[in-house]
Amino acid sequence: MTLPETGYTPTAEERASLDAWFQEYDAHCTKADVERMADMAVFPLNLISDDSAGDGRSAQWNRGRFIDTMTHVMGDGTADITFDNTRTPVFLSPSMAVVFTHSTVTTADRTHDMTYADILIRKAGTWAFQTMIQSGWGDNL
């Protein structure tokens, strides 16, 4: 995949800090620790998707809506679930990145592939996701 030219090339430290952030976030996802996942976001959180009619949809969630929805989606953490993620970050600056993710989610009874993007911002040296973009969820926004 050829990345778009943004005029900014991240340093090794910036790339490593983003990778470390995702490693921590993925660990919370594996345990369905939605509270910790929420700690890694900036609210209100922007969500962009499309609905079953093919129309683009967007919403802003507060922390409570994120926790309620993600708890429903992720379950209570007792299920055996693994994520195999391949991420392609595009840095716009030292404090903004758009990250494209291809994820294979495996549970005891099925495997599901999905591709999505997140927009992350870095404040006071810490990354946080601010916008989540994934098709197919618009009817739930």
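Quick note: numbers below take in every heavy atom, side chains included, and nothing from hydrogens, waters or symmetry partners.
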Engineer: Check the pair F83, T30 against side-chain contact (heavy atoms from CB on, under 4.5 Å), reporting the backbone distance first and the verdict last.
Structural biologist: CA-CA 7 Å; F83 297 87; T30 300; 3.7 Å; yes

Engineer: Assigning hydrophobic clusters by single linkage (Ile, Leu, Val, Met, Phe, Trp, Tyr; side-chain heavy-atom cutoff under 4.5 Å), is V73 placed with F43?
Structural biologist: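 No, because V73 and F43 fall into different hydrophobic clusters, even though each may have its own neighbours under 4.5 Å.
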
Engineer: Per the salt bridge (Lys or Arg N to Asp or Glu O under 4.0 Å) rule, what does the pair list look like for residues 90-116, sequence neighbours excluded?
Structural biologist: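 Listed by first then second residue: nothing to list.
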
Engineer: Apply the test salt bridge (charged side-chain N to carboxylate O under 4.0 Å, His left out) to residues D26 and R87: give CA-CA distance (whole Å), side-chain angles for both, the deciding distance (0.1 Å), then the verdict.
Structural biologist: CA-CA 12 Å; D26 289 347; R87 293 202 168 86; 2.9 Å; yes

Engineer: Applying salt bridge (Lys or Arg N to Asp or Glu O under 4.0 Å), which residue pairs with at least one partner in residues 118-131 are found, sequence neighbours left out?
Structural biologist: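 Of all non-adjacent pairs touching residues 118-131, those that pass salt bridge (Lys or Arg N to Asp or Glu O under 4.0 Å) are E13-R122.
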
Engineer: As an exercise, state the distance from NE2 of H28 to CE of M40, rounded to the nearest 0.5 Å.
Structural biologist: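 One finds 5.0 Å between NE2 of H28 and CE of M40.
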
Engineer: Are side-chain heavy atoms of I119 and M96 found at a separation under 4.5 Å?
Structural biologist: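 In short, these two side chains do not touch, never coming nearer than 4.5 Å.
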
Engineer: Under the side-chain contact (heavy atoms from CB on, under 4.5 Å) rule, what do M114 and V105 come out as? Steps first, then yes or no, please.
Structural biologist: CA-CA 8 Å; M114 59 185 160; V105 181; 3.4 Å; yes

Engineer: Quick check: do F100 and Y116 have side-chain heavy atoms less than 4.5 Å from each other?
Structural biologist: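 Not touching, per the 4.5 Å side-chain cut-off.
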
Engineer: Going by heavy atoms in the side chains, are P4 and V90 under 4.5 Å from each other?
Structural biologist: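 The answer is yes; the side chains approach within 4.5 Å.
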
Engineer: If I compare all heavy atoms of L45 with all of F66, which pair ends up nearest, and what's the gap?
Structural biologist: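 Between these two residues, the closest heavy atoms are CD2-CD1, 3.7 Å.
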
Engineer: Quick one: closest heavy-atom pair of S135 and S49, and the distance?
Structural biologist: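 Distance-wise, the nearest heavy atoms are C-OG, 3.6 Å.
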
Engineer: Which residues pass the side-chain hydrogen bond (donor to acceptor under 3.5 Å, both in side chains) test with S52, not counting sequence neighbours?
Structural biologist: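 Expected list: D139.
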
Engineer: Going by atom types only, do Q134 and W137 share a side-chain donor-acceptor pair under 3.5 Å?
Structural biologist: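 The answer is yes; a qualifying pair exists.
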
Engineer: So, does T101 use its side chain to make a donor-acceptor pair with the main chain of S103 at under 3.5 Å?
Structural biologist: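 Judged by distance alone, no pair lies under 3.5 Å.
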
Engineer: Name all pairs fulfilling the salt bridge (Lys or Arg N to Asp or Glu O under 4.0 Å) condition that reach into residues 36-63, sequence neighbours left out, sorted by first residue then second.
Structural biologist: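 Salt bridge (Lys or Arg N to Asp or Glu O under 4.0 Å) check on residues 36-63 returns E35-R63, R36-D39, D39-R63, D51-R57.
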
Engineer: Could you tell me whether W61 atom CH2 has more than 12 heavy atoms of other residues or ligands within 6.0 Å of it?
Structural biologist: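 More than 12 heavy atoms, drawn from other residues, nucleotides or ligands, come within 6.0 Å of this atom.
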
Engineer: Is there a donor-acceptor contact under 3.5 Å linking the side chains of T86 and H102?
Structural biologist: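 No, no side-chain donor-acceptor pair sits under 3.5 Å.
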
Engineer: Rounded to the nearest 0.5 Å, what's the gap from CG on D19 to CD on E24? Could you check?
Structural biologist: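 With rounding to 0.5 Å, CG (D19) is 13.5 Å from CD (E24).
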
Engineer: Taking all non-hydrogen atoms of both residues into account, name the closest pair between M74 and C29 and its distance.
Structural biologist: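 In this case the closest contact between M74 and C29 is CE-O, 3.2 Å.
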
Engineer: If you measure from OG1 on T104 to CG on N85, what distance do you get to the nearest 0.5 Å?
Structural biologist: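 Answer rounded to 0.5 Å: 8.0 Å.
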
Engineer: Hey, what do you get for OG (S58) to CG (N46), rounding to the nearest 0.5 Å?
Structural biologist: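 Nearest 0.5 Å value for the OG-CG distance: 8.0 Å.
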
Engineer: Report the residues that fulfil side-chain contact (heavy atoms from CB on, under 4.5 Å) with T82, sequence neighbours left out, ordered by chain and then residue number.
Structural biologist: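 Applying side-chain contact (heavy atoms from CB on, under 4.5 Å) to T82 gives T106.
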
Engineer: Checking L18 now: which residues fulfil side-chain contact (heavy atoms from CB on, under 4.5 Å) with it, not counting sequence neighbours?
Structural biologist: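 Expected list: F22, P89, F91, A97, V99, L120, W127.
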
